[in-house]
Amino acid sequence: MQQNAASGAGSAVVSLREVHKSFGPLKVLDGVTFDVARGEVLTIIGRSGSGKSTALRCIDRFETIDAGQIEVCGHKVHDPGLDLRALRQDVGIVFQSYNLFPHLTIEENIVLAPSSVKRIPKAQARKEARAVLAQVGLEDKLHHYPEQLSGGQQQRAAIARSLAMRPKVMLFDEVTSALDPELTGEVLKVIEALAQDGMTMVMVTHEMGFARSIADRVVFMHRGKVHESGTATILTAPTTPELAQFIGTGL
Amino acid sequence: MRINLDFGAILERWPAFLSGAILTLELAVIATVFGTVIGVLGAIARRSDNPVATRVAALYVETIRNTPLLVQIFLVYFGLASLGVKFPAFTVAAAALTINVGAYTTEIIRAGFDAVPKGQLEAAEGLALSRWQIYWHVVMLPAIEKVYPALTSQFVLLMLASSVTSQISAEELTAVANYIQSDTYRAFETYILVAIAYVVLSLVMRAGFWALGLALFPRRRRLGTPL
Ligand SMILES: Nc1ncnc2c1ncn2[C@@H]1O[C@H](COP(=O)(O)OP(=O)(O)OP(=O)(O)O)[C@@H](O)[C@H]1O
Ligand SMILES: [Mg+2]
């Protein structure tokens, strides 16, 4: 499995090649290319409407692309014959709105996919639910319902739910944007710990400080293109005026 | 003007009333169970990408919603008769009521399905759940919980409407009443009693739905908050 995942695009777990995507007349992705290596943390930054979420959603085939290639853990995502559910077992995605299932307890939320998709026995799935909840610091919330949790706790539970599928890569789309600064910190800490464990991650974020501290590489998107990319140093020493201006606005 | 009421002769017939009431309740339960099944399937069909399924479901719903129940009952009754098959009146009544309430249930459950936030569906897709697993685990219960009061009302209404099946001689409560009043010449008293019996049946059904709700929606039971 591991070798298999690495094959195809060298050592890249995620690779986008000249990806184009329009919504009607609106060109949202205009030849986007980037790679994410195993264990790497890539952050995508950019102005509102620059195509960050769209790029991320294309990786998990929530959007289909018009042209180009996307390869994720050996899955050819651009291929119409893609095994969608196999792709999504390898990719975890967490959204800004946590989207926990409100009628299920946190434990049930987490156990659902491993037991019904991977057919893991319930008892074992529950044990693993406890483990991933411990990972995000919520062991005591096992039997709570989502509405009984704070926003930050719900987002951590959503991350735990994704982790329970043992994904090879995690995608985060502005997972702290709906949270107070205080709650943001607790979610970022969880993501930081994941990075230290070697999880491959792609995250869209507005948290520049966080991007600087966690990102192995940064992609700055502007008008549907990767306008500038490099290590986190580009955030302190940008080479394009657009990135300089973007950082300058303090966003 | 004086109203002279005498319930004596009617109350003597209580076993007939009771069996009529039980039959009415049986009709209601059958139509509720199968109507719910039809409603869920109909709602899935209406929301599917398959244009044939969508249109068949829409045609069904619109046909039923725009014709009187009594006519539907006659259509089933004489339709089956013209095919040369003879079913007991009870079976015909149960079938017609099920077909009728299934259409209304389709619309109610569809509204419930539509009320499940799109983000939850995406989260479920992102977890690699299949389309049917998503319906079963993520959509179904919250959708039904959201429209549960509307469903309850619809099924209680259906139980009341089942009185028109007396027209094809299903031996339900109203048919029993018709028979007793013509026998005793105490029409007003008979229908007062029947009205009370229907109120009791409505209350029984509402209590049943309430109890079922407790079993179906553990979150609601524990937290008491709406979804
Ligand atoms: N499903 C869609 N249909 C039509 N237009 C869309 C759709 N999704 C996104 N867009 C448009 O595509 C453009 C890029 O959207 P996208 O969500 O990728 O931006 P973003 O960089 O994530 O912005 P933000 O920082 O505000 O989240 C926007 O103009 C948006 O309105
Ligand atoms: Mg976005």
Side-chain angles (χ1 to χ4, degrees), chain A residues 53 56-57 59-63 75 83-106 108-119 143-149 154-155 157-167 170-173 178, chain B residues 36 40 43-44 48-50 108-109 111-152 209-227:
Chain A
S53 296
L56 198 76
R57 289 167 61 82
I59 295 173
D60 208 8
R61 246 282 200 112
F62 278 108
E63 309 289 354
H75 305 282
D83 182 346
L84 193 57
R85 295 181 64 205
L87 168 73
R88 286 172 176 171
Q89 286 187 48
D90 286 341
V91 180
I93 186 162
V94 183
F95 304 94
Q96 179 179 334
S97 50
Y98 341 113
N99 297 328
L100 292 169
F101 308 127
H103 62 299
L104 301 178
T105 63
I106 299 303
E108 291 165 340
N109 263 278
I110 295 174
V111 164
L112 178 57
S115 72
S116 54
V117 176
K118 291 192 166 176
R119 308 258 167 232
H143 301 296
H144 285 58
Y145 284 95
E147 69 189 271
Q148 296 175 295
L149 271 53
Q154 287 191 47
Q155 191 59 290
I159 293 172
R161 181 175 66 177
S162 274
L163 290 176
M165 286 295 276
R166 309 234 164 268
M170 286 285 288
L171 311 177
F172 296 94
D173 191 1
Chain B
T36 303
V40 168
I44 291 174
S48 83
D49 318 319
N50 183 333
I108 294 173
I109 291 181
F113 283 173
D114 288 344
V116 174
K118 205 163 161 278
Q120 279 171 34
L121 304 182
E122 283 199 337
E125 287 172 33
L127 290 166
L129 293 168
S130 71
R131 181 191 173 85
W132 295 107
Q133 287 170 335
I134 293 174
Y135 260 121
W136 186 248
H137 295 290
V138 177
V139 174
M140 194 79 86
L141 272 185
I144 290 184
E145 183 174 345
K146 276 186 187 132
V147 296
Y148 201 63
L151 281 177
T152 302
F209 276 107
W210 177 79
L212 183 64
L214 288 184
L216 279 178
F217 314 123
R219 186 205 60 87
R220 180 70 167 254
R221 188 174 67 231
R222 252 176 64 192
L223 306 183
T225 50
L227 206 57

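Proteins get letters first, then strands, A, B, ... in listed order; numbering begins at 1 in each. Below, all heavy atoms of this structure are taken into account, side chains as well, without hydrogens, waters or symmetry copies.
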Worksheet item: Shortest non-hydrogen contact from Gly126(B) to Phe62(A)?
Response: N-CZ, 3.7 Å
Fill in: Heavy-atom closest contact (Arg219(B) atom, Pro102(A) atom, distance)
CD-O, 3.0 Å
Worksheet item: Under a 4.5 Å heavy-atom cutoff, which of Leu127(B), Leu121(B), Leu141(B) has the most pairs with chain A?
Response: Leu127(B)
Item to complete: Considering only heavy atoms and a distance below 4.5 Å, find which of His137(B), Arg222(B), Glu145(B), Glu122(B) pairs most often with chain A.
Response: Glu122(B)
Worksheet item: How long is the span from the CG atom in Leu216(B) to the NE2 atom in His103(A), to the nearest 0.5 Å?
Response: 11.5 Å
Item to complete: Calculate, to the nearest 0.5 Å, the distance between atoms OH and OG1 belonging to Tyr145(A) and Thr225(B) respectively.
Response: 10.0 Å
Practice prompt. Against chain B, work out which of Asp60(A), Asn99(A), Leu104(A), Leu84(A) has the most heavy-atom pairs shorter than 4.5 Å and name it.
Written response: Asn99(A)
Worksheet item: If you count heavy-atom pairs under 4.5 Å with chain B, which of Met165(A), Arg61(A), Gln148(A) comes out on top?
Response: Gln148(A)
Discussion item. Looking at Arg85(A) and Ala128(B), would you say the former's side chain and the latter's main chain have a donor-acceptor pair under 3.5 Å?
Written reply: yes
Checking heavy atoms, do the side chain of [X], its backbone, both or neither come under 4.5 Å from chain B?
X	answer
Arg161(A)	both
Ser97(A)	neither
Val91(A)	backbone
Glu108(A)	neither
Leu171(A)	neither

Discussion item. Within the structure provided, determine whether Leu112(A) and Val138(B) are in side-chain contact (heavy-atom separation under 4.5 Å).
Written reply: yes
Residue part contacting chain A, namely of [X], when any heavy atom lies under 4.5 Å:
X	result
Arg220(B)	neither
Gln133(B)	side chain
Leu223(B)	side chain
Leu129(B)	both
Leu227(B)	side chain

